[in-house]
Every structure is written in structure tokens, then in C-alpha cells.
Student: 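Before anything else, here's the structure in question.
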Amino acid sequence: MTIHPKPIPGAAAPWSFPAEYASFLRNGMRLVCVPLPRLPIVTLIATTAAGSEYETLDEAGVAHLSALALGEGTARRDGEALNLACESLGAELHTYAGWSRAEVGLTTTTPHLSQAIELLAEVMRSPAFPERNISRLRDERIAELIQQQAEPRSLADECFARQAFRHWGRYSLPAAGTRGTVHGVTREMLAQWHATHFANQPSLLIVGDIEPGAVHDLVKGAYGEWDIRARPSEATIEEDASETVPSVVLINKENAPQTELRIGHASVGRLNPDYYAITVMNAVLGGLFNSRINLNLREQRGYTYGAFSGFEWRRAASLFAVSTAVNRENTADAITQVLQEIDRIRQESVSESECSLAVDYLCGVFPLRFETTAALADAIASRDAMALPADYYSSYRTRIRSVSTADILRCAQQYLRPDTVQIVAVGDAHTVRVPLTDLNIAGVTEREAMDHVEESG
């Protein structure tokens with residue numbers, strides 16, 4: 001049998017982010033057009049600074065519910081009529097509120113562009129917030145939260161955020177709020193939120209088979225009379241709200257065969273100048289399938305099907321977490337191994353081959369994120385909400401390739417903080433209580449799963 005040599009990979013194919021054409025209406029609203037004439041498809045996203053970062057703790061969930069309620073009807077059409085209008089365009093209305101932005105969007109065919117612009121303006125500018133629909137959305141969200149908090153992975157995620165951020169910080173609660181805060185949301189609160197925040201620096205992003213000049217005239221007719229504000233309200237996030245004392249929290253799920261683990265801490269915000277080096281550092285540590293943490297826990301020890309680390313990036317502060325589920329008998333040693341890997345990447349420089357592998361992967365998969373008009377529009381919305389530079393996507397691969405092994409070591413030492421580590425374990429307390437205590441990281445705080453759910457309410 002002839003054995004052929006392994007083929008040598010060629011140079012990466014050239015790629016560039018599509019050209020954007022930005023303009024402003026007389027009222028200050030920003031319009032971004034990205035012409036992609038390959039197919040007669042167009043995506044529209046209207047976005048504004050009305051995300052959860054602008055809420056107080058008592059308002060947690062208002063941004064999320066207000067976005068959901070946009071699809072329940074307008075001053076002109078009830079929910080059924082609005083759905084029929086979307087169907088006539090071959091589109092489905094999409095509404096969303098994250099930490100930094102709220103948006104409403106749809107994808108349709110180019111011949112329907114004019115109607116789509118008008119419909120999106122109607123939904124964005126004049127929602128009706130019908131009382132009966134608001135009550136239904138509130139009840140559905142509470143039911144969803146109860147279900148999530150009873151599931152080990154969601155329970156671990158929610159508890160970890162509460163531990164990583166001090167309890168007076170907005171980031172300590174889920175973006176969609178808790179049962180207690182959502183239960184208190186009223187129609188009047190949603191209407192006031194819309195009136196206060198949705199006119200804050202809105203943008204309309206249109207990506208697809210379009211001609212920018214013609215689009216500007218269509219948008220001017222739909223949005224030109226909107227009384228918008230040039231500057232958004234101040235976000236309520238405190239940048240120093242991260243917890244500085246280590247903690248170990250054990251949430252008892254009696255007889256659970258596995259322990260769901262979260263290990264990490266709050267970290268720097270998205271605009272940190274070391275973002276690219278942090279991204280490569282995390283890829284080596286736990287961001288890829290063949291990264292150190294997964295190879296250790298899965299391949300070498302067989303503790304888990306997968307273990308990964310990542311930064312949940314937000315504007316003011318991110319959340320660094322190692323996430324995995326392990327056999328309950330291996331809980332304490334899995335934590336030890338994760339902490340050892342964090343210590344190792346902080347103590348010694350990674351190899352050139354590890355760095356190169358992470359860089360090549362990050363650069364190779366990057367263009368795959370922009371294969372559809374909807375993905376491109378969402379990428380622009382995310383970039384602008386984070387106040388990233390206009391050339392962020394076009395310069396991303398160059399900046400990632402500039403990261404060195406020395407950069408990785410410096411960032412690991414600066415941004416991975418084992419001295420403030422927060423550990424959450426959701427599993428069988430009878431099995432893991434003593435091993436967790438013996439780690440001597442911090443005193444173990446123990447709760448019953450349902451007690452935690454009630455506390456979150």
C-alpha cells in the first residue's frame with residue numbers, strides 16, 4: 001500500500017469585510033447600507049441603546065420584555081395583523097434585547113424592501129404594548145426562568161454570575177431579569193422604557209441586494225420625522241463591581257451523577273486594548289477542542305465529554321469562566337486540574353506551535369461568521385453597540401496574527417486571577433462536600449437547588 005505524504009496547507013484565501021456606506025438623516029438617525037447583489041435578499045435591523053446595561057436592579061428584565069413586546073402589535077395593527085403583514089413579505093419579525101442594545105429586524109426579498117422599511121419603522125416607533133399580551137409574555141418568561149433555574153447548566157451559569165459580580169451590580173443578575181423582578185414588570189414600565197430609551201441614537205442597518213442612494217430616500221420617508229436624541233442615556237453598570245474574595249458555592253442536586261462546574265471570575269471589558277491577545281490566550285487555554293483544559297480533563301483523564309473556557313464579553317466587564325460537567329467522584333480533582341492549567345499558562349510561555357495553531361484556527365473560521373445577510377447585519381449591530389472601530393472586522397485577522405507568545409504570557413498573568421477565583425458546583429452534596437472543603441480554596445457555602453431557585457425569585 002502506497003502511503004502518500006500529508007498535504008501541505010496552502011495560504012489562507014484572501015477575504016475582506018464588505019464595504020459599508022453610512023449616512024445620516026436630518027434628525028441624526030444613522031443609516032448603514034451594505035450592498036450584496038448576489039441574491040435578491042435583504043436584511044434590515046433597527047437597533048438602539050436600550051439594552052439591559054441601562055436598567056437598575058429593580059428594572060432587571062424590562063429591556064428584554066420590551067423587546068419581546070414589540071412584536072405584539074402597534075398603534076396601527078394588532079399582533080395578528082402584524083404577523084400577517086410580515087407573512088406578506090415572506091419574513092418573520094425578530095426582536096431582541098441584550099446587554100448593550102435592543103433591536104428589531106427581518107429578512108425579506110428585495111422587491112419588498114420599501115414595505116419592509118415602513119413596517120420596521122412602525123414596529124420600532126409605535127408599539128402598542130397591549131396589556132393582555134404583556135401579561136402573557138411576563139408569565140411565559142417567569143415559567144422559562146423557573147425551568148432554566150431547575151436545570152444544572154443554567155443554574156450554574158446564573159449562580160456563577162451572582163458570585164463573580166457583587167450583588168449591587170447589574171451584571172450580577174441575568175440580562176432577562178429574575179422571577180422577582182420580572183413579576184413586577186407592568187405595561188406602564190415597558191411603555192416608559194420605550195419612550196426613554198428607544199430614541200437614543202438609533203441606527204438602521206440594511207444588508208443585501210440594494211442601492212444605497214435609493215435606500216436613503218426610502219428610509220427618510222419612514223424615519224425622517226422621528227424625534228430622536230443624539231446621545232444615549234448613561235449605562236448603570238459599575239466597572240468595579242467584580243467580586244475580589246474567592247468563594248466556593250455548592251448547590252445540592254441529590255443523587256446527581258455529574259457535577260456541573262463553573263470556575264473563573266469577572267474580568268475586563270470589551271474595549272480593553274489587549275482583547276486580541278486575550279482571545280488567543282483563551283484559545284490556547286480552553287477555547288478550542290484541542291486546548292489545554294479539554295485535553296487534560298477529557299483526553300488524559302476521561303472526566304468529561306468537554307471542558308472549555310471563554311470570556312463573555314460585555315462593555316464594562318466580562319465574565320471569564322471554565323465550564324464543564326464531570327463525574328461527581330472527580331469533582332475536586334477536575335477543579336484542581338483546571339486551576340493548575342490556569343497557573344501553568346501564567347507561569348511559562350506557550351510554545352510557538354500552540355500559538356500558531358490557535359491563531360490559524362481563529363483566523364480560518366472568522367470569515368464563516370459572515371455568510372448570510374442576517375449574519376452581516378448582526379455583526380455590524382454588535383460592533384456598533386460595543387463602540388468598536390469601523391475597521392474592526394477588516395483588521396481582525398491581522399491583529400490576531402500579531403499576537404506573540406510573550407503577549408499571551410503577559411495577558412495570562414494580568415487577566416487570569418486565581419486569587420479571586422469563584423467556583424460553583426451543582427451536584428450531589430453528599431459526594432462532593434468533603435472533597436470541595438479539602439481543596440482549602442474558600443469556605444464552602446451550601447444550598448439546596450430549590451432554595452436557590454426561590455432565592456432567585
Side-chain angles (χ1 to χ4, degrees), residues 12-22 30-51 64 67-68 70-71 86 89-113 116-117 119-120 123-124 175 202-212 215 219 270 275-276 279 282-283 287-288 308 310-315 360-400:
W15 175 86
S16 61
F17 197 77
E20 302 173 45
Y21 298 86
R30 182 167 175 261
L31 170 64
V32 178
C33 294
V34 181
L36 293 175
R38 294 171 296 187
L39 294 171
I41 295 174
V42 60
T43 293
L44 302 84
I45 293 180
T47 180
T48 188
H64 176 80
L68 290 181
L70 293 177
C86 290
L89 304 179
E92 181 178 354
L93 196 67
H94 159 77
T95 62
Y96 163 81
W99 283 108
S100 57
R101 76 182 194 272
E103 69 181 38
V104 55
L106 56 81
T107 298
T108 186
T109 56
T110 305
H112 292 130
L113 177 59
I117 290 173
L119 185 62
L120 212 62
V123 173
M124 189 74 166
S203 296
L204 180 61
L205 317 173
I206 304 181
V207 180
D209 185 20
I210 56 171
E211 197 286 308
V215 167
V219 172
R270 175 59 185 82
Y275 167 78
Y276 301 96
T279 298
N282 179 70
L288 310 179
F308 299 94
F311 285 77
E312 183 185 325
W313 292 106
R314 306 169 189 175
R315 286 196 298 180
D360 289 346
Y361 177 85
L362 292 170
C363 292
V365 301
F366 187 70
L368 302 179
R369 299 167 53 183
F370 312 108
E371 293 187 319
T372 67
T373 57
L376 277 166
D378 185 69
I380 295 170
S382 298
R383 179 199 66 193
D384 293 349
M386 289 286 188
L388 299 175
D391 69 345
Y392 166 65
Y393 292 116
S394 58
S395 65
Y396 176 88
R397 297 203 296 180
T398 299
R399 293 178 183 275
I400 288 292

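Values reported hereafter were calculated over all heavy atoms of this structure, with side chains retained and with hydrogens, waters and symmetry mates removed.
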Student: For the CG atom of L376 and the CD1 atom of I45, what is their distance to the nearest 0.5 Å?
Tutor: 10.0 Å
Student: Please report the closest heavy-atom contact between A116 and L89, naming both atoms and the distance.
Tutor: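 For A116 versus L89, the nearest heavy atoms are CA-CD1, 3.8 Å.
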Student: What distance do D378 atom CG and Y96 atom OH have between them, rounded to the nearest 0.5 Å?
Tutor: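 If I round to the nearest 0.5 Å, the distance is 8.0 Å.
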Student: Tell me whether the count of non-hydrogen atoms from other residues, nucleotides or ligands lying under 6.0 Å of OH in Y392 goes above 12.
Tutor: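 Enclosed: over 12 neighbouring heavy atoms sit under 6.0 Å from OH of Y392.
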Student: In a check of side-chain contact (heavy atoms from CB on, under 4.5 Å) between F17 and each of D391, V34, I380, which one passes?
Tutor: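 The option that passes is I380.
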Student: Of all the heavy-atom pairs spanning T48 and M124, show the shortest one and how long it is.
Tutor: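 Nearest heavy atoms, T48 then M124: CG2-CE, 3.8 Å.
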Student: Working to the nearest 0.5 Å, report the span between OG1 of T95 and NE2 of H64.
Tutor: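 Reported to 0.5 Å precision, the distance equals 8.5 Å.
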Student: Heavy-atom count check: over 12 atoms from other residues, nucleotides or ligands less than 6.0 Å from E211 CD?
Tutor: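 Correct, the count exceeds 12.
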Student: Run the salt bridge (charged side-chain N to carboxylate O under 4.0 Å, His left out) test against D384 and tell me which residues pass, sequence neighbours left out.
Tutor: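 If we apply the salt bridge (charged side-chain N to carboxylate O under 4.0 Å, His left out) test to D384, skipping adjacent residues, the hits are R30.
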Student: Ignoring hydrogens, what is the shortest heavy-atom contact between T107 and A91? Give both atom names and the distance.
Tutor: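 Nearest heavy atoms, T107 then A91: O-CB, 3.2 Å.
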Student: I need the I41 CD1 to T109 OG1 distance, nearest 0.5 Å.
Tutor: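 So the CD1 of I41 and the OG1 of T109 are separated by 8.5 Å.
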Student: Would a 4.5 Å heavy-atom cut-off, applied to side chains only, mark L39 and D209 as touching?
Tutor: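 A side-chain contact is absent here, since even the closest heavy-atom pair is not under 4.5 Å.
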Student: Measure the OG1-CD1 distance between T373 and I210 for me, rounded to the nearest 0.5 Å.
Tutor: 10.0 Å
Student: Which atom pair, heavy atoms only, marks the closest approach of C86 to L93?
Tutor: SG-CB, 3.9 Å
Student: Taking atom CD1 of I400 and atom OG of S395, what is their separation to the nearest 0.5 Å?
Tutor: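 If I round to the nearest 0.5 Å, the distance is 10.0 Å.
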Student: Can you see which heavy atom on T279 is nearest to which on Y396, and at what distance?
Tutor: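 Minimum heavy-atom contact is CG2-OH, 4.0 Å.
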Student: Checking T108 now: which residues fulfil side chain to side chain donor-acceptor pair (under 3.5 Å) with it, not counting sequence neighbours?
Tutor: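 Partners of T108 by the side chain to side chain donor-acceptor pair (under 3.5 Å) criterion come out as none, since no residue qualifies.
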Student: To check you understand the geometry: which heavy-atom pair defines the closest contact between R315 and A385, and what is its length?
Tutor: CD-O, 3.4 Å
Student: Is the shortest side-chain heavy-atom distance between H94 and E103 below 4.5 Å?
Tutor: yes
Student: If you count the non-hydrogen atoms of other residues, nucleotides and ligands that lie under 6.0 Å from OH in Y361, is the total more than 12?
Tutor: no
Student: Just wondering, do L106 and T43 contact through their side chains at under 4.5 Å, heavy atoms?
Tutor: no
Student: Between I206 and L31, is there a side-chain heavy-atom distance shorter than 4.5 Å?
Tutor: yes
Student: Can you label the angle between the W15 ring and the F366 ring as parallel, tilted or perpendicular, going by 30° and 60°?
Tutor: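 It falls in the perpendicular class, over 60°.
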Student: Any side-chain heavy-atom pair from Y275 and F311 closer than 4.5 angstrom?
Tutor: no
Student: When you check the gap from the basic side-chain N to the acidic O, do R270 and E312 get nearer than 4.0 Å?
Tutor: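 E312 and R270: not salt-bridged.
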